[in-house]
Protein chains: 4
Amino acid sequence: MKVGFIGLGRMGQAMAARLLAAGHDLTLYNRTPGKLQGLLQLGAHTAGSIAAAARFDGLVLTMLADDSALKAVTQGEGGLLATLPVGGIHVAMGTHDLELVRALAAAHADAGQILLSAPVLGRPDTVAAGNCGILAAGDAAALGRCKPLFEAIAARVLTVGSDPGSAAAMKLANNFLLACAIEAIGEAYSLVQKCGVERPAFHELITKGLFACPAYNIYSKIIADEAWDTVGFTATLALKDLGLAMAAGKASGVPLPSATICRDRLLSAIARGDGERDWSVMALEQARASGLG
Amino acid sequence: MKVGFIGLGRMGQAMAARLLAAGHDLTLYNRTPGKLQGLLQLGAHTAGSIAAAARFDGLVLTMLADDSALKAVTQGEGGLLATLPVGGIHVAMGTHDLELVRALAAAHADAGQILLSAPVLGRPDTVAAGNCGILAAGDAAALGRCKPLFEAIAARVLTVGSDPGSAAAMKLANNFLLACAIEAIGEAYSLVQKCGVERPAFHELITKGLFACPAYNIYSKIIADEAWDTVGFTATLALKDLGLAMAAGKASGVPLPSATICRDRLLSAIARGDGERDWSVMALEQARASGLG
Amino acid sequence: MKVGFIGLGRMGQAMAARLLAAGHDLTLYNRTPGKLQGLLQLGAHTAGSIAAAARFDGLVLTMLADDSALKAVTQGEGGLLATLPVGGIHVAMGTHDLELVRALAAAHADAGQILLSAPVLGRPDTVAAGNCGILAAGDAAALGRCKPLFEAIAARVLTVGSDPGSAAAMKLANNFLLACAIEAIGEAYSLVQKCGVERPAFHELITKGLFACPAYNIYSKIIADEAWDTVGFTATLALKDLGLAMAAGKASGVPLPSATICRDRLLSAIARGDGERDWSVMALEQARASGLG
Amino acid sequence: MKVGFIGLGRMGQAMAARLLAAGHDLTLYNRTPGKLQGLLQLGAHTAGSIAAAARFDGLVLTMLADDSALKAVTQGEGGLLATLPVGGIHVAMGTHDLELVRALAAAHADAGQILLSAPVLGRPDTVAAGNCGILAAGDAAALGRCKPLFEAIAARVLTVGSDPGSAAAMKLANNFLLACAIEAIGEAYSLVQKCGVERPAFHELITKGLFACPAYNIYSKIIADEAWDTVGFTATLALKDLGLAMAAGKASGVPLPSATICRDRLLSAIARGDGERDWSVMALEQARASGLG
């Protein structure tokens, strides 16, 4: 399939590489062209503008780091809303504010276009390894057209419904759940450690039985090893994601007290200079608040 | 092996049945003798007093519902501290206050006896099915002597160290982790539901990928189905366990903010009359606080 | 003095009336001209545009309901940044986001203009009665020039320093303190009430002794009387203000756990339909969470 | 009047001195007799036992540091329950657990005796200066008999009702409110400080206007001056009082989220070694969590 692809950071590159490997025909647009060399060698073309990517075949994927990048790419004279053909599809695959996704869906609809929301569950290495998931929501026919693309990128595609906001909300809820798990694991480690338990013994307890799943295996290990500098996802980015979950809660009238615990923990960690370490520093900050470390 | 067994509620009965099935020779003591019929048919004897159970072979397991029952069984003229022979072993297998376990360990040591802490991870049905775990801590030789008993009861035995408090602390931390997971799942369901997501779609997301483990599978299902009356563990008992975790945190200087969220949630649920429903009513109470239900 | 005044909602009208009563010469601008009749009868003029107000004498007060109104008034072709003369002064007197105030101060400075931040402590009726306070920060000479205006409006003027952000932060901190007091009073009432204390007895305790100040007197009375519909400040507006405090905390690296308690309480109250009642419904929502009411 | 007085720590001594100064006839009992010299010089007698104090005239005040001291004084062979004459009055003036007060009231009633609860609001220096308050609850006739004693000790006596638990609950709620105020003030100082505000400016804002009352004046000053070592009330004792408030909440089905914030803050402060400093170290701990100090 002919696809425009905008936003080629680490995630975008991993996704584009999988699409190319599956034989799709990609035209890439990024604000900083230098990042594209690897993909060009895999057969991708470059677009000189958002419009060129949008008009390649009226189907554009975006994988943008934040809401302001999404606004920059969609709004204004040369943006997607102005340049995507009528009937064209914009698949937003980043993690974005719920209200923004809904407003963008309405704006695309006003312009005779379609917005799909299809956030990715995973990290660049998970994507590269073919293990990520995709939550997809929006117009059914458009979802059908994009199915081969999603399957080229991800191991699991979960179709959520016709409202693009649904997929955005589920992505935020998923990241929120993960934050809560890390926070709880960190609190538990502080507790057992100050009660005289060796960390490996507690790690063994966590990873066998009730909590034997990737989330607990991975973060219990990082915390037991105090491997705060094996950065998978920074504290600063995690704070942004929690902010999006809380904003979605505010917009829909849902208090999320566990999110506020995580948020305050991250804020403290960042205030002490840990913003660029792995977000598991939540556990380090908890340890400090327990008089450890 | 010859074993005294004190405390034959639902958990105790399931454990005793497994010991009998493995060929051990049990003498039972319970305050209310009527409960013992089933086990007597499996070959158990009855003891007319705590002392008789304690002196059967100087090895007694207790599976008591709370701290006051443990105090009642150990203290006073006819209690275990007064009646267990020198060199005798008391294996406390219930979920108890950390400070109480430590004080009891010291008291047994003063009397020339040994306290092992060996709390059980699981419920009566898990025990009966042979799927429960045991966290064991205390004197190494005594642990060695009890090993065949633990293996008769549980599928997994995790030996934690020489301080009985360690096993008690890990048990509390385990239950705390589970409470936090239920709370987070409940918050997440309120969020996605008010954002228009169908509950089964979110259940599918939770149970595949990062959180594919019994804790999340089981409680996400209960919450998605609103099956608050399939009682595995009541809200009132859960509040007791969280209180023990927070007390251990207080004693060791560890704030547990996620525990306080769960505690307040349970308190609200109980205040509204849900004390005897499953502790997953935490999610129902969150739903109410979100204007749902 | 000759003064432009933009933003004539209930607060703005009360402030403008006091300025007129003190003999100042006002040119008013509001998006909806109908609101100005009362002030015109007191001798005010009207400006047909923001520019006209800005150029009246290069000194403009704004009293705007929220950040988007402040942006609308300052940005764009006809906005204050484009139309205020070099050396002109913009006194922002509403409650605004800290980062926005700082960005606006920088933008005014770039344009050769001066931003003062001078938020008002009080409500329309307090202003009318001459009992409100003003927190003023910014360029010292400009503050000096505005002193007669501040003194015409307020009973107390507290000059905070040269950074306009300081006054904005103090205003947010003040409202945050008030929210925390209301929340704590509400929790305390639920506690004593369920312990069998009559509300008037607790009101007497609160208002005599340690807490004998307007904040506690006023809100303890509202809560004791359950007078949620005597609206001084709506739950919805309170949520906005707490959001600004938390955003300031986020921007400066300060977790505010007490703010998150209040925020979640307000969110619940609003989710149940109490958004337009007085923000003391925080206490009503606490009562519900305690199984009362 | 003839009065037995048990518990002569710093508070008890200050109270006894006021009773003696008002001409009452006191018989004192304390576990450590050495503390009584000052009072004996003011005319007090000593009792050799609890029973002797109880039988002096069947009216005994107790001012005990904690629940275990209250239990020790009331229970057992020589305790108040066994030795106070029928019709005798025990006035418990310390800060105690709600459930304990209620159980003790029932036990005294069973013995034909009367328990009044009359906790004191204030510190030793406040008592000595004649500025403290008393919350009194219990049998009306007994309250009437004790009125001259209460008025000799305190400037304000607030009679709460016939249930001794009411006065105990109000005392806990009062201390809880104070903890919440300190926590909120501490959070606010961290916020404004990191926003560039000088502490004295914020102190001025707090102490004028809405919060002009002793609680805010005193603690804002301590926090602005970072005078953590001017100990009025230690962090460790504060944690005990918050625990009593939360226990009362648990017993009556009232979640107190603001209390849990304060509790976790105190736990952290204590874990870092600040247990014997003034409880305003809550603000120091907040500052640390904000990357300050």
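Just so it is clear, the structure is predicted and the values come from calculations on it, not from any experiment. So that the names make sense, note that chain A is the first sequence line, chain B the second, and so on, each numbered from 1.
- Proximity to chain B is absent for every atom of A:Ala155, based on heavy atoms less than 4.5 angstrom apart.
- With values rounded to the nearest 0.5 angstrom, A:Arg102 atom CZ is found 5.5 Å from B:Cys195 atom SG.
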* **B:Phe211/A:Leu178 under side chain to side chain contact (heavy atoms under 4.5 Å, CB included): CA gap, chis, key distance, verdict** => CA-CA 9 Å; B:Phe211 300 103; A:Leu178 190 50; 4.1 Å; yes
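- Only the backbone of B:Ala259 comes within contact range of chain A, with heavy atoms under 4.5 Å apart.
- Checked by atom type and distance alone, the side chain of A:Glu187 pairs as donor or acceptor with a backbone atom of B:Ser258 at under 3.5 Å.
- Taking every heavy atom of both residues into account, B:Pro257 and A:Glu183 meet most closely at CG-OE2, 4.1 Å.
- The CG atom of B:Leu191 sits 11.0 Å away from atom CE of A:Met170, with the distance rounded to the nearest 0.5 Å.
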* Check step by step if side chain to side chain contact (heavy atoms under 4.5 Å, CB included) holds for B:Gln286 and A:Val254. => CA-CA 9 Å; B:Gln286 159 74 36; A:Val254 179; 3.6 Å; yes
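- Options B:Ile185, B:Leu205, B:Asn217, B:Val160 differ in how many heavy-atom pairs under 4.5 Å they form with chain A, and the most are formed by B:Leu205.
- For A:Cys213, the parts lying under 4.5 angstrom from a heavy atom of chain B are both the backbone and the side chain.
- Around the NZ atom of A:Lys240, the shell of radius 6.0 Å holds more than 12 heavy atoms that belong to other residues, nucleotides or ligands.
- At least one side-chain heavy atom of A:Pro255 sits less than 4.5 Å from a side-chain heavy atom of B:Ser290.
- Ranking B:Val197, B:Val192, B:Ile261, B:Leu177 against chain A, the residue ahead of the rest is B:Leu177, based on heavy-atom pairs under 4.5 Å.
- For A:Asn174, the parts lying under 4.5 angstrom from a heavy atom of chain B are both the backbone and the side chain.
- Interface check for chain A: of the options B:Ala212, B:Gly196, B:Gly186, B:Ala169, the most heavy-atom pairs under 4.5 Å are formed by B:Ala212.
- Your options are A:Ala173, A:Gly209, A:Ala184, A:Ala201, and the one with the most heavy-atom pairs under 4.5 Å with chain B is A:Ala184.
- With a 4.5 angstrom heavy-atom cutoff, B:Leu98 touches chain A only via side-chain atoms.
- Surrounding CZ of B:Arg272 are more than 12 heavy atoms belonging to other residues, nucleotides or ligands, all under 6.0 Å away.
- Of the atoms belonging to A:Phe176, it is side-chain heavy atoms, and not backbone ones, that fall under 4.5 Å from chain B.
- Contact annotation for A:Leu292: neither backbone nor side-chain heavy atoms come within less than 4.5 Å of a heavy atom of chain B.
- For A:Leu256, the parts lying under 4.5 angstrom from a heavy atom of chain B are both the backbone and the side chain.
- Rounded to the nearest 0.5 angstrom, B:Leu135 CG and A:Glu204 CD are separated by 10.0 Å.
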